[in-house]
Number of protein chains: 2
Amino acid sequence: MARPSVKAERTEEILDAFERCVARLGVEGTTLERIAEESGLRRSLLRYHIGNRAEMVQALADRYIKSSRTEACKMLASMPESETSSPLLDYLFIDIDEDQRRKILVAEALVSGADLYPEIKQRMNEWYSNFVMILCRIINVDYPDADATAQREVAWGLISLVFNVQMMAALGGGDSVLKDSRRAAERLLLSLNGHRSKPEPEAKLEASEELLA
Amino acid sequence: MARPSVKAERTEEILDAFERCVARLGVEGTTLERIAEESGLRRSLLRYHIGNRAEMVQALADRYIKSSRTEACKMLASMPESETSSPLLDYLFIDIDEDQRRKILVAEALVSGADLYPEIKQRMNEWYSNFVMILCRIINVDYPDADATAQREVAWGLISLVFNVQMMAALGGGDSVLKDSRRAAERLLLSLNGHRSKPEPEAKLEASEELLA
DNA sequence: AAATAAATTTTCAAATTTGAAAAAATTGCA
DNA sequence: TGCAATTTTTTCAAATTTGAAAATTTATTT
């Protein structure tokens, strides 16, 4: 080996730039030239380090799934052992910085563009299932007696609210929409009441370890 | 006038084709050439009847807003004078044919692409406000004692669920997602309980007439 | 310093997309 | 038929996007 490889770093830089573009312009609206400009690298380097357009999209989706999975696991692990509803809502609606907002927009863009890239369709499906599962586990802490179907309905509702509030935020509606979203999410969680009982901490720990393995 | 003008019909045909493309490929993913192919017309006719790319997008958004507004009013008018929750949920989740599904996907594409077209941003904002308002009026029939904030939260939740179920449907999840969505929507409506009382039919009629004016 | 492997720049061709306008064809009517 | 307004087809140029590979530079090892 003559010269130290920077392929790993460059790949990250390129995909970071790609994500920023996709969040604003969507998958189809993002040209290789634009990614190059955004990353401060030449277009030929995108090709050298990652590949052609299809391979770029593939790489973006791959990295997205992976990082999203570990991020979701971290979130699950950070939950308290009881009374998870409030921290969950904070995590989904309040503690959203620019990066996490972008991640959400990228997910939407990938789902929307999945028609064009069959491989991505499969992966986004797994990603979505995984997200629902994680949310169900957290919901289960406060509402262990709610049946799985009810938990899934609520989890799905939370995801829908998170997605849409970020999408609509592009219209510049201010944070009144954010407040409404969080309150609507709260309504969904509270709809599981009547099944409420004391949480079982050990269940949460098991789940966390299993997922991180 | 020597030859009867077909501009109105052609314009509709072109925008129909445009919508079909946008639902699948998004605004940025749709080329003029593709619209031409989809409509069975030559690209130069798009230009002749409507204009360049920016004007095409503008025309699409304009038509969308208008037709969506009248459609929402028809929906409002079709509601019974009491017990509106069930028909509302049917309308939003069950009675969705291919056309209406496309309309929803187009709305999402327009919102997502609003960053590129400042004029559209404004219009999609109005469109969204109008939709929320209509939903609030329907919700108000069954839950007149719920305060306006609560109604808006629920309306926003319903919209989020409708949007996301159609977006995720592209991943081919089957109709289990549809069922979950409808049930989650039901949970939101039921969360307004405690304020429930007998509906006031005349309120609904007033609203309808005012909107159609 | 020379060799070597990796990274970067440069360059070229092909395909696609869009804008624009001229030329031709169609239709109704005097 | 011939005029007139409208629609449609044809054609061309410019700009953008992508693919691909050659040439150059850079950094490490021997």
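Lettering follows sequence order; numbering is per chain, from 1. What's counted below: heavy atoms across the whole structure, side chains too, no hydrogens, waters or symmetry copies. Small disclaimer: the values here were computed from a predicted structure and weren't measured.
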Does a salt bridge link [X] with [Y], judged by any charged N lying under 4.0 Å from a carboxylate O?
| X | Y | result |
| --- | --- | --- |
| A:D16 | A:R63 | yes |
| A:R152 | B:D180 | yes |
| A:E186 | A:R183 | no |

Between A:R43 and B:N52, just flag the one whose closest nucleotide in DNA chain C comes earlier from the 5' side.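 That would be A:R43.
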Earlier contact from the 5' end, DNA chain C, for A:S44 and B:P4: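 It is A:S44 whose nearest nucleotide is closer to the 5' end.
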Over all atoms of both residues, closest heavy-atom pair of A:H49 and A:I14: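 Heavy atoms of A:H49 and A:I14 come nearest at CB-CD1, 4.1 Å.
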Among B:Y128, B:F131, B:F163, which one satisfies ring-ring contact (aromatic ring centres under 6.0 Å, His included) with B:W156?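 The residue from B:Y128, B:F131, B:F163 that satisfies ring-ring contact (aromatic ring centres under 6.0 Å, His included) with B:W156 turns out to be B:Y128.
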Examine C:dT8: is either OP1 or OP2 under 4.0 Å from a nitrogen or oxygen in the side chain of A:H49? Give yes or no.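 True: A:H49 side-chain N/O within range (under 4.0 Å) of C:dT8 OP1/OP2.
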Check the phosphate of D:dT18 against A:R47, side-chain N and O only, distance under 4.0 Å to OP1 or OP2. Yes or no?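 False: A:R47 side-chain N/O out of range (4.0 Å or more) of D:dT18 OP1/OP2.
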Figure out the [atom1]/[atom2] separation between [X] and [N], and round it to whole Å.
| X | N | atom1 | atom2 | value |
| --- | --- | --- | --- | --- |
| A:E33 | D:dT18 | CD | C1' | 9 Å |
| A:L46 | D:dA20 | CG | P | 14 Å |
| B:K7 | C:dT26 | NZ | P | 20 Å |
| B:M56 | C:dG19 | CE | C1' | 14 Å |
| B:L32 | D:dA14 | CG | P | 20 Å |
| B:E28 | C:dT17 | CD | P | 13 Å |
| B:E37 | C:dT18 | CD | P | 13 Å |

Base, sugar-phosphate or nothing for [X]? Non-hydrogen atoms, less than 4.0 Å.
| X | value |
| --- | --- |
| B:R10 | sugar-phosphate |
| B:R53 | sugar-phosphate |
| A:S5 | sugar-phosphate |

Nucleotide nearest [X] when distance is taken to its side chain, options [options]:
| X | options | value |
| --- | --- | --- |
| A:Y48 | D:dT7, C:dA7, C:dA20 | C:dA7 |
| A:L45 | C:dT9, C:dA21, C:dT27 | C:dT9 |
| A:R42 | C:dT8, C:dT18, C:dT10 | C:dT10 |
| A:R3 | D:dT26, C:dG19, C:dT8 | D:dT26 |

